[in-house]
Amino acid sequence: MPTDPEFLAALDAWRARRLADLAADDGWLNLTDRLPIQPGAQSVGSGAGADLRLSVGPERLGELRLADDGTVTLTPEGAGPLAFVATPEAPPRLLLGRLLLEIHSVEGEPALRVRDLDSPARAKFGGLRYFPPAPEWRIRARWQPLPAPETRGITLKDGHAAQVQLTHRAEFEHMGRTVALLPTHQKAGKPMFVFRDSTARDRTYAACRFLIPDEIGDDWIVLDFNRAFSPPCAFSEHAICPLPPPENVLPFAIEAGELRP
C-alpha cells in the first residue's frame, strides 16, 4: 500500500526543520568548548596563560566574573563589562564577534559554553541519514498520569546526574506486550522521551535517541518514531545529554527515525 503523501510531506518538512536547527548559530555543529567556571574573576582566551583556555578566538578575550548572586559578566579587552542575557528556552548568552558564549549549568555547577559561528564543521557537515519512512511507527498511545508525581535522578552522559519530575507515561502495545515510556524532560512545553532500542547496537546513536511529540490530548499522545533524533552529544563532545531511564531501554528494534551520524 502506498504511503500517505500527507504523511511524507509532513515528515519531509520536519526533517528540513531538524537540519536547520542543528546547523543554526545555536545548533550543535559549532560547539567548541565547555569549561567549568568558579566564583570571582577568571581570564578567558585561547592563550596559554588564560584561566579559561578556549580552543578558538583571540589569545585574550577578556575577564569573566561570576558574582555571588549568580550573574555573569565578561569584560573584553579595552571595554566595559557585558552581561550575559537570559532568553526563553536557552541559557544566558553573550555574542562577542564570532563567538556565541553561554553560561550552561548542570545541577547548579556553571560552565562557559562556546560556539564558533564561523566553525568549518557547519560547512563540512554531510547531512542527516534516516530509516525509510515507516507509517507503522506513528503510534497513538495512551497518555496516563502516574499515581503520584515522582522525583528521579537521571544519569547524564558525562557521569553527572540530574533530578527530574515524572508525571505521565505513554503506553502502547507491541508484539503482544504493553510498552510504557516515561518522558523525563520538557522542551518548549512539550514532553521529551529519551529512549534506546536495539538499533543502537549498530545503526542509531549508541547512547539514546530523543522524541518530542507534537500531538497530545487529555488521554492520548502520538509517538511518531519517524521523528526520533540523535541527541546533541552525538555531534559534540562538549554537549551533555541525559541517558534513558530503565523503562525506556527497549529490547526490540524501532527501525524509524534518524540514523547514527
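Computed from a predicted structure; not experimentally measured. Note that these values count all heavy atoms, side chains included, but never hydrogens, waters or copies made by symmetry. If you read the sequence from its start, that first residue is 1, and numbering goes on from there.
Between the CG atom of L223 and the CD1 atom of I212 there is a distance of 12.5 Å, given to the nearest 0.5 Å. Here the CZ-CG distance, from F193 to L211, works out to 7.0 Å after rounding to the nearest 0.5 Å. Distance check, rounded to the nearest 0.5 Å: CG of L66 to CD1 of I103 gives 7.5 Å. Once rounded to the nearest 0.5 Å, the distance linking OG of S105 with CD1 of I240 reads 10.0 Å. Between atom CZ of residue R122 and atom CG of residue L22 there is a gap of 10.0 Å, rounded to the nearest 0.5 Å. The SG atom of C241 sits 13.5 Å away from the CD1 atom of I154 when rounded to the nearest 0.5 Å.
The two residues A24 and N30 come nearest to each other via the heavy atoms O-ND2, 3.9 Å. Residues P245 and V194 share a closest heavy-atom pair of CD-O, 3.8 Å. In plain terms, the two heavy atoms of K157 and C233 that are nearest each other are CD-SG, 3.5 Å. Of all the heavy atoms in L31 and A239, the pair that sits closest is CD2-N, 3.8 Å. Here the closest heavy-atom approach between residue P76 and residue L74 is recorded as CD-O, 3.3 Å.
Side-chain contact between L101 and L61 is present, with heavy atoms from C-beta onward closer than 4.5 Å. Side-chain contact between D224 and I139 is absent, with no heavy-atom pair separated by less than 4.5 Å. A heavy-atom distance below 4.5 Å is not found between the side chains of R15 and R17. A 4.5 Å side-chain heavy-atom check between F84 and T73 finds every atom pair outside the cut-off. In this structure, the side chains of C208 and P231 come closer than 4.5 Å at one or more pairs of heavy atoms. In this structure, the side chains of L95 and D25 stay at 4.5 Å or more apart for every pair of heavy atoms.
A donor-acceptor pair shorter than 3.5 Å can be found between the side chains of Q165 and T151. Checked by atom type, the side-chain pair S43/D51 shows a donor-acceptor distance below 3.5 Å. Residues R34 and H104 have side chains that bring a donor and an acceptor to within less than 3.5 angstrom of each other.
The residues D26 and R93 are annotated as salt-bridged, a charged nitrogen and a carboxylate oxygen being separated by less than 4.0 angstrom. Ion pairing between R209 and D197 holds under the 4.0 Å rule for side-chain N and carboxylate O. The pair R152-E247 counts as a salt bridge, with a side-chain nitrogen and a carboxylate oxygen less than 4.0 angstrom apart. Between R138 and D4, none of the side-chain N atoms (NZ, or NE/NH1/NH2) sits under 4.0 Å from a carboxylate O, so this pair counts as no salt bridge.
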Let me check something: any side-chain donor-acceptor pairs from residues 175-189 under 3.5 Å, sequence neighbours excluded? List them with distances.
unit_1: T178; atom_1: OG1; unit_2: E173; atom_2: OE1; d: 2.9
unit_1: T178; atom_1: OG1; unit_2: E173; atom_2: OE2; d: 3.1
unit_1: Q186; atom_1: OE1; unit_2: K190; atom_2: N; d: 3.4

Listed pairs under 3.5 Å, donor-acceptor, residues 249-260 side chains, sequence neighbours left out:
unit_1: E255; atom_1: OE2; unit_2: R203; atom_2: NH1; d: 2.7
unit_1: E255; atom_1: OE2; unit_2: R203; atom_2: NH2; d: 3.2
unit_1: E258; atom_1: OE1; unit_2: R18; atom_2: NE; d: 2.9
unit_1: E258; atom_1: OE1; unit_2: R18; atom_2: NH2; d: 3.3
unit_1: E258; atom_1: OE2; unit_2: R18; atom_2: NH2; d: 3.1
unit_1: E258; atom_1: OE2; unit_2: S230; atom_2: N; d: 3.1
unit_1: E258; atom_1: OE2; unit_2: S230; atom_2: OG; d: 3.0
unit_1: R260; atom_1: NE; unit_2: T204; atom_2: O; d: 2.9
unit_1: R260; atom_1: NH2; unit_2: A200; atom_2: O; d: 2.8
unit_1: R260; atom_1: NH2; unit_2: T204; atom_2: O; d: 2.9

**OP:** Take D21 and W28 through the side-chain contact (heavy atoms from CB on, under 4.5 Å) test and state the conclusion after the steps.
**Re:** CA-CA 9 Å; D21 290 344; W28 299 106; over 6 Å; no
**OP:** Could you give me the CA-CA distance, side-chain angles and deciding distance for W143 and D219, then say whether side-chain contact (heavy atoms from CB on, under 4.5 Å) is met?
**Re:** CA-CA 5 Å; W143 184 233; D219 59 0; 5.5 Å; no
**OP:** Let me see the working for V56 and D118 under side-chain contact (heavy atoms from CB on, under 4.5 Å), right down to the final yes or no.
**Re:** CA-CA 10 Å; V56 295; D118 293 337; over 6 Å; no
Subject >> Test salt bridge (charged side-chain N to carboxylate O under 4.0 Å, His left out) applied to R98 and D116, step by step >> reply: CA-CA 6 Å; R98 61 186 265 197; D116 179 5; 2.6 Å; yes
Subject >> Chi angles and distances behind the side-chain contact (heavy atoms from CB on, under 4.5 Å) call for L146, L166 >> reply: CA-CA 8 Å; L146 301 179; L166 306 179; 3.8 Å; yes
**OP:** Could you walk me through whether D214 and R227 pass the salt bridge (charged side-chain N to carboxylate O under 4.0 Å, His left out) test, one step at a time?
**Re:** CA-CA 10 Å; D214 288 322; R227 302 186 182 194; 3.3 Å; yes
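Not counting sequence neighbours, the partners of D69 by the side chain to side chain donor-acceptor pair (under 3.5 Å) test are T71. Take E109 and apply the side chain to side chain donor-acceptor pair (under 3.5 Å) test, not counting sequence neighbours, and it matches H160. Taking the side chain to side chain donor-acceptor pair (under 3.5 Å) definition, one finds that D218 meets it with nothing, sequence neighbours left out. Checked against side chain to side chain donor-acceptor pair (under 3.5 Å), Q38 has no partners two or more places apart in sequence or in another chain.
In the hydrophobic cluster analysis, where Ile, Leu, Val, Met, Phe, Trp and Tyr join through side-chain heavy atoms closer than 4.5 angstrom, F210 is grouped apart from F195. In the hydrophobic clustering of ILVMFWY residues, with side-chain heavy atoms under 4.5 Å counting as a link, V114 and L52 come out together. L29 and L128 fall within a single hydrophobic cluster, where Ile, Leu, Val, Met, Phe, Trp and Tyr are joined by side-chain heavy atoms under 4.5 Å apart, directly or via other members. M192 and F172 fall into different hydrophobic clusters, where Ile, Leu, Val, Met, Phe, Trp and Tyr residues are linked whenever their side-chain heavy atoms come under 4.5 Å apart, directly or through other members. Cluster membership check: L82 shares its hydrophobic cluster with V44, using side-chain heavy-atom separations under 4.5 Å among Ile, Leu, Val, Met, Phe, Trp and Tyr.
Within a 6.0 Å sphere centred on CG of D68, heavy atoms belonging to other residues, nucleotides or ligands number 12 at most. Within 6.0 Å of CD on E6 lie no more than 12 heavy atoms contributed by other residues, nucleotides or ligands. More than 12 non-hydrogen atoms from other residues, nucleotides or ligands lie less than 6.0 angstrom from CD of Q163.
Here the side chain of H238 pairs a donor or acceptor atom with the backbone of T32 at under 3.5 angstrom. Formation of a donor-acceptor pair under 3.5 Å by the R196 side chain with backbone atoms of A207 is found in this model. For the pair N226 (side chain) and A134 (backbone), a donor-acceptor distance under 3.5 Å is present.
Proximity of the aromatic rings of W137 and F225 is defined here by a centroid distance below 6.0 angstrom, and this criterion is met.
By the 30° and 60° cut-offs, the orientation of the rings of W14 relative to F229 is tilted.
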